[in-house]
Amino acid sequence: MKSLIRLTDYDVNDIYDIFKLTDEVRKGKYQSLLKGKSAILFFPNSSIRTRVTFEKGIYLLGGQPILFPTETLDKNEDIKDVCGYLNNWADLVIVRHRDIHLLEKMSICLNVPIINAMTDFNHPCEILSDMYALSKMRKDFMKDRFLFVGKRGNIGLAWKEASEVMGFSLEQCCGNGYEMDGLAAYNNIYDAVVGKDIVCTDSLPASVLADFKECQVTTAAMEMANDGAILNPCPPFCRGEEVSEEVMESKYFVGYEFKRYLLEVQQAIMVYCLTR
């Protein structure tokens with residue numbers, strides 16, 4: 001069994017193994033993998049896409065999802081004691097919590113896999129789903145040049161993890177002072193987008209919008225990217241902020257169908273973690 005906490009714990013072969021499993025899940029395999037088994041989930045009430053797809057994915061694999069609010073993990077009880085009891089009944093644990101170090105502590109104490117459903121540091125399942133979707137629509141997405149538009153945060157850092165594992169080119173467009181270490185960064189979208197194939201964004205808190213006024217992705221900016229370039233904004237995206245209203249109605253936006261693979265990819269991650 002294997003956990004998923006950071007993409008950098010995996011290698012290229014692991015990622016393509018998950019892609020292969022996703023193809024198999026889409027063909028109807030593994031429908032009884034979790035029969036008679038329980039997956040324990042810790043999720044905040046605000047989670048929509050990740051929670052829905054994990055709960056449905058567990059059900060489609062034949063398992064029982066048992067859901068707790070994330071703050072259940074923040075009580076005074078030592079996490080090793082929480083995990084000690086969960087080891088009696090859980091077959092899989094899925095956690096969405098701000099602190100990635102808590103997940104790392106849990107992984108040491110648990111006898112079953114733990115899957116990171118998002119932390120303040122990264123969001124591996126979301127990025128795995130995006131890469132799988134890209135693999136279905138691009139000739140070789142690892143040769144594409146990626147641009148991340150946004151501040152240093154869990155989505156940007158997750159794309160950085162992915163670039164380190166997969167080896168594709170990644171640069172950043174952001175306001176001054178919001179750069180990620182180790183990436184070439186631009187402070188103007190019209191400079192940043194030249195030569196890029198995949199433009200990814202993350203939503204911005206209201207407190208930093210003024211610092212990103214030169215970074216908004218517009219149709220005019222996308223027209224300066226490579227032929228066939230696409231825009232992949234991470235939901236929840238905010239029209240008129242990190243992306244303009246009109247670019248979301250343009251040919252560059254890959255659409256809601258791009259995220260449809262999240263369900264099957266997360267099922268494949270569960271299969272991978274339970275069988276490897």
Side-chain angles (χ1 to χ4, degrees), residues 1-7 9-45 47-70 83 85-97 103 106-107 110-118 122-138 141 158 162 165-166 235 254-276:
M1 295 183 291
K2 187 168 185 174
S3 294
L4 172 60
I5 297 178
R6 300 171 188 261
L7 287 176
D9 295 332
Y10 285 28
D11 62 27
V12 173
N13 292 329
D14 295 324
I15 304 304
Y16 277 112
D17 199 3
I18 291 171
F19 288 1
K20 181 181 177 182
L21 289 171
T22 304
D23 291 338
E24 293 175 348
V25 166
R26 293 177 63 201
K27 293 175 182 176
K29 290 191 67 174
Y30 307 108
Q31 292 181 3
S32 300
L33 181 73
L34 288 176
K35 185 176 181 180
K37 297 182 179 181
S38 299
I40 313 299
L41 300 93
F42 295 91
F43 271 81
N45 290 331
S47 177
I48 298 175
R49 286 158 288 268
T50 309
R51 175 180 162 183
V52 167
T53 46
F54 262 121
E55 285 200 59
K56 182 170 182 176
I58 292 162
Y59 166 77
L60 292 173
L61 293 175
Q64 175 196 29
I66 301 174
L67 178 69
F68 293 92
T70 298
C83 294
Y85 288 110
L86 287 179
N87 281 329
N88 291 316
W89 313 297
D91 299 287
L92 178 67
V93 176
I94 303 166
V95 180
R96 185 165 181 149
H97 191 280
L103 275 69
M106 293 179 74
S107 71
L110 286 168
N111 297 330
V112 298
I114 180 172
I115 295 173
N116 174 359
M118 195 178 83
N122 62 359
H123 199 349
C125 297
E126 182 91 14
I127 302 310
L128 280 169
S129 174
D130 283 3
M131 289 196 294
Y132 178 81
L134 287 170
S135 76
K136 296 302 179 186
M137 64 187 300
R138 307 291 293 185
F141 78 93
V165 174
M166 306 300 286
V254 288
Y256 314 110
E257 284 293 306
F258 189 80
K259 293 293 185 184
R260 71 172 298 275
Y261 298 115
L262 184 61
L263 171 63
E264 292 94 344
V265 170
Q266 288 179 167
Q267 288 179 277
I269 291 168
M270 290 188 279
V271 174
Y272 182 87
C273 290
L274 287 164
T275 61
R276 296 302 187 267

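Keep in mind that the numbers below use all heavy atoms, side chains included, and drop hydrogens, waters and symmetry copies. All values derive from a computational prediction rather than experimental measurement.
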Side chain [X], main chain [Y], donor-acceptor under 3.5 Å:
X    : Y    : answer
S129 : C125 : no
N122 : P124 : no
N87  : N111 : yes
T70  : R96  : yes

Is the shortest heavy-atom distance from the side chain of [X] to the side chain of [Y] under 4.5 Å?
X    : Y    : answer
Y59  : L34  : no
T22  : L128 : no
I40  : I66  : yes
M166 : Y16  : yes
L103 : S107 : no

To check you understand the geometry: which heavy-atom pair defines the closest contact between [X] and [Y], and what is its length?
X    : Y    : result
F43  : L67  : CB-CD1, 3.9 Å
P113 : S3   : CA-OG, 3.5 Å
V165 : D11  : CG1-C, 3.7 Å
A117 : T50  : O-CG2, 3.8 Å
E126 : P235 : OE2-CD, 3.9 Å

If you draw a 6.0 Å radius around [atom1] in [X], do more than 12 non-hydrogen atoms from other residues or ligands fall strictly inside?
X   : atom1 : answer
K2  : NZ    : yes
K56 : NZ    : no
N45 : CG    : no

**Report entry** Residues Y10 and D17: side-chain donor-acceptor under 3.5 angstrom
**Finding:**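 No - no donor-acceptor pair under 3.5 Å links their side chains.
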
Report task. For the residue pair Q64 and S38, confirm or rule out a side-chain donor-acceptor distance under 3.5 Å. Result ->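 Indeed, the side chains of Q64 and S38 share at least one donor-acceptor pair under 3.5 Å.
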
Query - Interatomic spacing from CD in Q267 to CD1 in I58 - rounded to 0.5 Å - result: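 So the gap between those two atoms works out to 9.5 Å.
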
Query raised in the report: Does a side-chain N-to-carboxylate-O contact under 4.0 Å join D23 and K29?
Result: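 So D23 does not pair with K29 through a salt bridge.
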
Query raised in the report: Are the charged groups of R276 and D14 less than 4.0 angstrom apart, N to O?
Result: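 Judged by the 4.0 Å cut-off on N to carboxylate O distance, R276 and D14 do not form a salt bridge.
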
**Report entry** By side chain to side chain donor-acceptor pair (under 3.5 Å) - contacts of R51 (at least two apart)
**Finding:**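 Applying side chain to side chain donor-acceptor pair (under 3.5 Å) to R51 gives E55.
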
